[in-house]
Amino acid sequence: MAEYSDSPSVLLVPGQTAIADIERIALAGHKVLLSPQALAHIASGHACLLRHIAAGTTIYGVSTGLGANVDIARQPSTAHAQQNAVIWARASGTGPAATDAQVRAMVAVRLARLALGRSGMSPAAAMALVDMLNNHITPVVPLVGALSEGDLAPMAHIASILTGKGHASVAGRASVSGAEAFAQAGLSLPALGPKDGLALISSNSASIGLACLNLGSIRRFMRAHIAAFALSCEGFCANLSPFQPQSVQLRPAAGQAEVSHALLGLLDGGTLHQSGHARRLQDPISFRSAASIAGGALKSLQQVQRAVELELSSSDDNPAVVAETDSIIPNGNFDPTHVAVTVDALHLALAKMAAATGERVIKMMSPSVSGLPRFLAEAEGDGTGFAPVQKTVAALVAEIVHDATPLPPVVIPVAERVEDYASLLFPALCRGQRLIARMYELTAIEIIVAARAIALRPPVRLGRGTQALIDRLAPLCPRLPLEQPVADNIALLTQAIERPDFLADFRILADDA
């Protein structure tokens, strides 16, 4: 469509797609271009597949049925009808629909992996996915139904658009069928070839697409979390000794040094850095060990990132088509357990951060620990202050811990018990989205409470970073007596710190651009 013709674009080169590329396509709406190498790989893989079909090679999903029906012979001569049926039967998802950004991420990841040429997909079907993205044709994709041994249900809802069925919006307008969506964009539907249906749906690209977006959101959250903790240190008059290099070097746990360095950088130039200005010799563990706790999450984040980068640069197609050796190779590379276990660990690490955050918030409202008025209320006020917010904090931490609890490793076997294991990566990532949203809300509350604590302290010189944060964030924090519901401030501040650009200039993490 002409209105997108001048949009920035992302060039997909085989094996070189980055998580940031998927974010640009999904969140910023960038167009997609397949590199000449990608187009050549796709064409070579398809030609290899056609040679094997002509030679009578038995190929799973092409000359056989799928799953338990592998023992049923299929005729490649009926490929078009067969591949359509493969898609329609598996478009069986339910539950809430994915956002437009999530769907674009799923399609972009599938294209990045198709660029490797291992699927045998026809060039026409691959280019139809490019057309979907570049014309903002966004399939409606339910988020319940995938077990992540191939995200069959969500990928089938995407693929159904290429058959003219399914439901999609065009440039954000009302949902229409795939045929109507392509017609509105002035495009023709592809005629699916012998393995196109299977290649479109038998991939964990839906999971990896969600993972790319979750990783970006968690990375932004980590910046916000460290910033909020720095403000809490100011409001609590915390002892900074545990974050000094000589302390960290005694036990250099993963991520601890980076978080401590970021924290001290934000506090640099302030009174708290000077000897004798901490209120206590030893603070509660939720303060004292915050860099270690957050460092563990940062390390887990990096592990998930490496696992996802591996998936982006390799194929999960079964069977794989290897044109270089003229081979069709059955495999189990559709199993993403190596990603699932790192995601579970990251969610648990975030839940531990939430527990410590909740404790800090409560303690700043406790005069016996903080030396501040109870609930940070006005000295002459009714004493309520932020007391009700404590219940919100408790509720948020409870939900975060629930969503961080790993799904059971055993699931109901399906397909005549042929499919007797599942990584459950996709539902874990969906739970992760809720967890991340609650973490942002909890962090917004920490900022609100810390800003109030700072205001109640005798005036001191804040760190250069924390002063800049207060200047930027204080307008969104409620004052007492309250002039509006606290929920409004929590919502506004959450929206602010979620924005990719809001704290980007603080260079909080070591590899911030």
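Only heavy atoms go into these numbers, but all of them, side chains included; no hydrogens, no water, no symmetry mates.
More than 12 non-hydrogen atoms from other residues, nucleotides or ligands lie less than 6.0 angstrom from CZ of R499. More than 12 non-hydrogen atoms from other residues, nucleotides or ligands lie less than 6.0 angstrom from CG of L310. Within 6.0 Å of the NE2 atom in H167, the count of heavy atoms belonging to other residues, nucleotides or ligands does not exceed 12. Annotation for L250: atom CG counts as buried by contact number, over 12 foreign heavy atoms lying within 6.0 Å.
Sequence neighbours left out, the pairs with a member in residues 206-239 that pass ring pair (Phe, Tyr, Trp, His ring centres under 6.0 Å) are F221-H225, F221-Y440, F229-F243, F236-F287. Counting only residues at least two apart or in different chains, side-chain hydrogen bond (donor to acceptor under 3.5 Å, both in side chains) contacts with residues 471-480 comprise Q467-D471, R472-D505. Every pair passing side-chain hydrogen bond (donor to acceptor under 3.5 Å, both in side chains) that includes a residue from residues 356-366 is listed here, sequence neighbours excluded: T357-R360, E359-K363, R360-E446, S366-S368.
The heavy-atom pair separating G93 from P142 by the smallest distance is C-CB, 3.6 Å. The minimum heavy-atom distance between S148 and P336, with the atom names listed, is O-CD, 2.9 Å. The shortest heavy-atom contact between T342 and V304 is O-CG2, 3.3 Å.
Remark: side-chain polar atoms of D316 are not paired, donor with acceptor, to backbone N or O of N333 under 3.5 angstrom. Under a 3.5 Å cut-off, the side chain of R457 and the backbone N or O of G235 do form a donor-acceptor pair. Not a single donor-acceptor pair under 3.5 Å links the side chain of D403 to the backbone N or O of G432.
The OG1 atom of T466 sits 8.5 Å away from the CG atom of L272 when rounded to the nearest 0.5 Å. Atom CZ of R452 is separated from atom CG of L376 by 7.0 Å, given to the nearest 0.5 angstrom. Atom CD1 of residue I19 and atom CG of residue L213 lie 10.0 Å apart, to the nearest 0.5 angstrom.
If you check the side chains of N239 and Q282, you find no donor sitting under 3.5 Å from an acceptor.
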message: Determine whether S292 and R251 satisfy the following criterion, side-chain hydrogen bond (donor to acceptor under 3.5 Å, both in side chains), listing intermediate values before the conclusion.
response: CA-CA 10 Å; S292 178; R251 196 283 314 262; 3.3 Å; yes
- prompt: Can you check salt bridge (charged side-chain N to carboxylate O under 4.0 Å, His left out) on R438 and E441, steps first, answer last?
  reply: CA-CA 5 Å; R438 297 295 177 261; E441 291 162 350; 3.4 Å; yes
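When each of S315, S205, S313 is paired with R113, the side-chain contact (heavy atoms from CB on, under 4.5 Å) condition holds for S205 and for no other.
One finds a salt bridge joining D268 and R464 here, because a Lys/Arg side-chain nitrogen approaches an Asp/Glu carboxylate oxygen to under 4.0 Å. Classification of R90 and D151 as a salt-bridged pair fails, no side-chain N sitting under 4.0 Å from a carboxylate O.
Residues L312 and C212 meet the side-chain proximity criterion, which asks for heavy atoms closer than 4.5 Å.
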